[in-house]
Protein chains: 2
Amino acid sequence: MRERLLDTAGRLFYEQGYQQTGINQIIAEAGIAKGSFYYHFNSKSGLLVAYLDRFVNNWILGADIFLAEIADPKARVAGLISYRIANQKKNGFNGCALVKANAGLEAVDGELRKYIGELKQQMRDYVAAVISHSGHKKIISDEALTDMVVLLGDGALVGTAIYHNTDDLEKAVALITALI
Amino acid sequence: MRERLLDTAGRLFYEQGYQQTGINQIIAEAGIAKGSFYYHFNSKSGLLVAYLDRFVNNWILGADIFLAEIADPKARVAGLISYRIANQKKNGFNGCALVKANAGLEAVDGELRKYIGELKQQMRDYVAAVISHSGHKKIISDEALTDMVVLLGDGALVGTAIYHNTDDLEKAVALITALI
DNA sequence: GTCTATAAGATGATAGAC
DNA sequence: GTCTATCATCTTATAGAC
């Protein structure tokens, strides 16, 4: 039941946004009563935290699987963006789940925003690890390349969420490929 | 009155997000009755469109003023990001208004998302114009540099909205400076 | 652990007086 | 053009039966 709620809520949060998705819709689509929902989660924002946590875990696990297919360690750096392209094609071009969740919070809620920042840092650490094992051309430093991949990736996902295509992500792949 | 509503709503939309801001709060802070609000705007999303339109106009006007202070046309390319740093410091580190508004819409509302895409294109055209007059080193093409500036800028604003600082934007300045 | 019924309040929007 | 009063609906969350 808890898993079913997380699945349904995750899908709706990502497609519609956190604020746009009400408890009523979540329980209706999951086929679960309201009382049961509040047995498993203490509040709507508690559900959001659980969802974001699972999202980042799955993102890293999925990246491991995706990059394992790429033999050349240099190509894996560009593969970090290709992975995002694959994710977007699979999940409806709604951009980054963390960014979308962050935009759906009041400016007041610094606690939750801080937590999102920590999750984002986990993703950045993963990117940095891939780059450190890549043996790239060192046109720019490891750190600068990490900035490049993270910032270009996030910027391109912004375009993805607005235009509902992967054009910007493909531009990002081209820009990064020239540097590795 | 209409201007006062736009000012108040714009500030609240940007600080809190579109969905988080109710008509009641807008009219309370603007000191205007609900009936008067609906005399000036036909709906809440009508107000959003007017606000976004004005935002992009002001963004371009502000960029003109900001870049006029920079003598070297090459330095103006990096100045496009410095401009965003100045904006964020002035307005509370909430990222890009268009991105934030887009995240606050249902997936269903394709019409409004398309309009946001057009506004975003106006900003990109402005960036492309600055670059075409910059006489940069041509390490990469005009088009690739435009992608770079737009995507790095948007990506860095994502970090700004999450961490409430300009660290990522300053990294973007460094990356771009190395290319011009 | 799941359910139904309900609470208290906020939401966007409208009607009609002045 | 601005106001007050009101509408139906939706929101998150709780109480208590089974």
Side-chain angles (χ1 to χ4, degrees), chain A residues 1-54 100-113 115-116, chain B residues 1-54 100-113 115-116:
Chain A
M1 290 274 105
R2 203 188 122 98
E3 281 303 301
R4 196 152 94 213
L5 281 168
L6 267 177
D7 287 342
T8 307
R11 179 173 53 78
L12 293 173
F13 284 167
Y14 186 63
E15 286 174 3
Q16 308 181 342
Y18 172 67
Q19 292 285 346
Q20 289 80 2
T21 304
I23 300 284
N24 292 325
Q25 187 185 9
I26 295 169
I27 61 168
E29 296 201 14
I32 286 167
K34 190 167 287 191
S36 304
F37 171 85
Y38 281 98
Y39 173 81
H40 290 289
F41 298 95
N42 54 329
S43 68
K44 189 187 171 188
S45 71
L47 172 65
L48 177 64
V49 170
Y51 151 67
L52 291 175
D53 209 42
R54 199 178 66 153
K100 193 156 178 172
N102 187 64
L105 303 173
E106 307 106 272
V108 172
D109 197 340
E111 190 110 6
L112 204 38
R113 216 187 52 235
Y115 185 66
I116 289 175
Chain B
M1 291 272 104
R2 205 189 122 98
E3 280 304 301
R4 194 151 98 213
L5 282 167
L6 267 177
D7 286 342
T8 307
R11 178 174 54 79
L12 293 172
F13 284 168
Y14 186 63
E15 285 174 4
Q16 308 180 343
Y18 172 67
Q19 293 285 346
Q20 288 79 5
T21 304
I23 299 283
N24 293 323
Q25 187 185 10
I26 294 169
I27 60 168
E29 297 202 15
I32 286 168
K34 191 167 283 191
S36 305
F37 171 85
Y38 280 99
Y39 173 79
H40 290 290
F41 299 95
N42 54 328
S43 68
K44 189 187 173 190
S45 71
L47 172 66
L48 177 65
V49 169
Y51 150 67
L52 291 175
D53 209 41
R54 200 177 67 152
K100 193 157 179 172
N102 187 64
L105 303 174
E106 308 104 272
V108 171
D109 198 340
E111 191 109 7
L112 205 37
R113 217 187 51 236
Y115 185 65
I116 290 174

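Numbers restart at 1 for each chain; the letters A, B, ... are given by sequence-line order, proteins then strands. These numbers were taken from a predicted model, which means no experiment stands behind them.
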Please state how far atom [atom1] in [X] lies from atom [atom2] in [N], giving the value in whole angstrom units.
X       : N      : atom1 : atom2 : answer
B:Phe41 : C:dA13 : CZ    : C1'   : 15 Å
A:Gln19 : D:dT12 : CD    : P     : 8 Å
A:Gln25 : C:dT11 : CD    : P     : 19 Å
A:Phe37 : C:dT4  : CZ    : C1'   : 17 Å
B:Arg2  : D:dT2  : CZ    : P     : 12 Å
B:Tyr39 : C:dG12 : OH    : C1'   : 21 Å
A:Gln20 : C:dG12 : CD    : C1'   : 15 Å
A:Ile27 : C:dA5  : CD1   : P     : 13 Å

Practice task
Show your working on side-chain hydrogen bond (donor to acceptor under 3.5 Å, both in side chains) between B:Glu29 and B:Thr8 and close with a plain yes or no.
Solution key: CA-CA 7 Å; B:Glu29 297 202 15; B:Thr8 307; over 6 Å; no
Among [options], the nucleotide that comes nearest once only the side chain of [X] is considered:
X       : options               : answer
B:His40 : D:dT2, C:dT2, D:dC3   : D:dT2
B:Lys34 : D:dA13, C:dT14, D:dC3 : C:dT14
A:Ala33 : D:dT2, C:dG12, C:dT4  : C:dT4
B:Lys44 : D:dC3, C:dC3, C:dA13  : C:dA13
B:Ile23 : C:dC3, C:dG12, D:dA13 : C:dG12

If the cut-off is 4.0 Å, is [X] near the phosphate of [N], judged by side-chain N/O to OP1 or OP2?
X       : N      : answer
A:Tyr38 : D:dT14 : no
A:Asn24 : D:dC10 : no
A:Ser36 : C:dC3  : yes

Exercise for the section: Begin from the C-alpha positions of B:Phe41 and B:Val49 and carry the test side chain to side chain contact (heavy atoms under 4.5 Å, CB included) through to its verdict. Expected result: CA-CA 10 Å; B:Phe41 299 95; B:Val49 169; over 6 Å; no
Practice task
Classify the nucleic acid contact of A:Gly22 as base, sugar-phosphate or nothing, counting any heavy atom under 4.0 Å across all strands shown.
Solution key: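 The answer is sugar-phosphate, as A:Gly22 gets under 4.0 Å only of primed atoms, P, OP1 or OP2.
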Problem - Residue pair B:Gln19, A:Tyr18: steps toward the side chain to side chain contact (heavy atoms under 4.5 Å, CB included) verdict - result: CA-CA 10 Å; B:Gln19 293 285 346; A:Tyr18 172 67; over 6 Å; no
Handout entry: Within-4.5 Å side-chain heavy-atom neighbours: A:Tyr115 and A:Asp53
Key =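 Yes - at least one pair of side-chain heavy atoms lies under 4.5 Å apart.
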Exercise for the section: Any chance you could measure B:Thr21, atom OG1, to B:Arg11, atom CZ, to the nearest 0.5 Å? Expected result: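 If we round to the nearest 0.5 Å, B:Thr21:OG1 and B:Arg11:CZ are 9.5 Å apart.
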